Amino acid sequence: MGYFKQEFRGVFYVKDYDKAISFYRDILELESPYSWDDGPEDRGTKFQVAGGMLEVIRREPERPQGPGTIMIEAWDVDACYEVLSKKPGVRVFQQPVNEPYGIRKFQLLDPDDNLVVIYTNLSDLKR
């Protein structure tokens, strides 16, 4: 028996909450089961991401955080890239590439320069 329950949640503290929410909701098209707005000094949104959660938070005073990284597995990384890379405001950090450790990935930067790696295992791609 382990110590942990079911939910895993990564957290990004962001500078511009509205831009961050727009990125994850409108560009990545993630669903949000929960959010709160207790004024400009305390706002947050949880996004469903595959088998886990990403929480985007704006708090005053700021909680300094360097850029972080999340990885999201896609059904088809190339189809995902074709759609996402054409959306306004998307910053592609790396175009699709095969990695020697068995994934095909591309990378985006969110408004706070957090790295969003979207990948598919090479063994899952139909080629």
Side-chain angles (χ1 to χ4, degrees):
M1 179 174 174
Y3 294 104
F4 308 109
K5 290 185 80 173
Q6 299 225 358
E7 183 176 324
F8 172 80
R9 188 180 339 163
V11 178
F12 285 150
Y13 289 94
V14 299
K15 294 177 183 168
D16 188 324
Y17 180 78
D18 293 323
K19 279 186 182 178
I21 296 307
S22 179
F23 176 81
Y24 290 102
R25 180 191 61 218
D26 302 332
I27 291 175
L28 294 187
E29 301 178 21
L30 299 178
E31 296 291 323
S32 171
Y34 178 78
S35 65
W36 71 92
D37 186 346
D38 293 330
E41 69 282 345
D42 189 3
R43 301 167 72 189
T45 299
K46 288 183 183 180
F47 289 100
Q48 198 73 41
V49 185
M53 301 285 273
L54 173 65
E55 192 165 356
V56 175
I57 299 174
R58 173 71 180 131
R59 291 245 167 91
E60 288 290 341
E62 283 188 30
R63 302 226 165 98
Q65 174 178 310
T69 301
I70 60 171
M71 295 182 69
I72 304 171
E73 185 176 12
W75 291 106
D76 183 335
V77 69
D78 293 308
C80 188
Y81 177 79
E82 285 303 312
V83 172
L84 296 183
S85 66
K86 294 177 182 165
K87 291 188 175 188
V90 169
R91 296 186 300 153
V92 174
F93 183 76
Q94 180 185 48
Q95 295 181 351
V97 60
N98 291 348
E99 294 291 358
Y101 45 87
I103 68 169
R104 181 166 176 78
K105 71 176 183 181
F106 69 93
Q107 300 179 73
L108 305 174
L109 290 171
D110 81 358
D112 285 272
D113 291 332
N114 294 302
L115 194 60
V116 177
V117 180
I118 300 175
Y119 74 96
T120 302
N121 290 305
L122 287 171
S123 60
D124 293 339
L125 289 174
K126 298 173 185 168
R127 299 232 177 244

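On a predicted model such as this, the values are computed, not experimentally measured, just so you know.
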Is any side-chain heavy atom of [Y] closer than 4.5 Å to one of [X]?
X      : Y      : answer
Asp76  : Leu125 : yes
Val56  : Val11  : no
Leu108 : Val92  : yes
Leu122 : Ile103 : no
Leu109 : Asn114 : no
Ile70  : Phe12  : yes

Between [Y] and [X], is there a salt bridge with N-O shorter than 4.0 Å?
X     : Y      : result
Asp38 : Arg43  : no
Arg25 : Glu29  : no
Arg59 : Asp42  : yes
Arg91 : Asp113 : yes
Glu55 : Lys46  : no

If hydrophobic clusters are built from ILVMFWY residues whose side chains come within less than 4.5 Å, do [X] and [Y] share one?
X     : Y     : answer
Val49 : Met71 : no
Ile21 : Ile72 : yes
Val77 : Ile27 : yes
Leu54 : Val90 : yes
Leu28 : Phe93 : no

Which pair of heavy atoms, one from [X] and one from [Y], lies closest together, and at what distance?
X      : Y      : result
Gln107 : Leu115 : OE1-CD2, 2.8 Å
Ala74  : Ile118 : CB-CG2, 3.8 Å
Asp112 : Ala20  : OD2-CB, 4.4 Å

Report, as yes or no, whether the 6.0 Å neighbourhood of atom [atom1] on [X] holds more than 12 heavy atoms from other residues, nucleotides or ligands.
X     : atom1 : result
Lys19 : NZ    : no
Trp36 : CH2   : yes
Glu31 : CD    : no

Mind checking the [atom1]-[atom2] spacing from [X] to [Y]? Nearest 0.5 Å is all I need.
X     : Y     : atom1 : atom2 : value
Asp26 : Lys87 : CG    : NZ    : 7.5 Å
Asp37 : Arg58 : CG    : CZ    : 12.5 Å
Tyr17 : Ser35 : OH    : OG    : 5.5 Å

- Going by the angle between their ring planes, with limits at 30° and 60°, are Phe106 and Tyr81 parallel, tilted or perpendicular? perpendicular
- Taking atom types as modelled and ignoring hydrogens, do the side chains of Thr120 and Asp124 form a donor-acceptor contact shorter than 3.5 angstrom? no
- Query: Strictly by modelled atom types, are Tyr24 and Thr45 linked by a side-chain donor-acceptor pair under 3.5 Å?
  - Reply: no
- Answer yes or no: is there a donor N or O on one side and an acceptor on the other, between the side chain of Lys105 and the main chain of Gln94, under 3.5 Å? no
- Glu99 and Arg104: CA distance, side-chain angles, deciding distance, salt bridge (charged side-chain N to carboxylate O under 4.0 Å, His left out) verdict: CA-CA 6 Å; Glu99 294 291 358; Arg104 181 166 176 78; over 6 Å; no
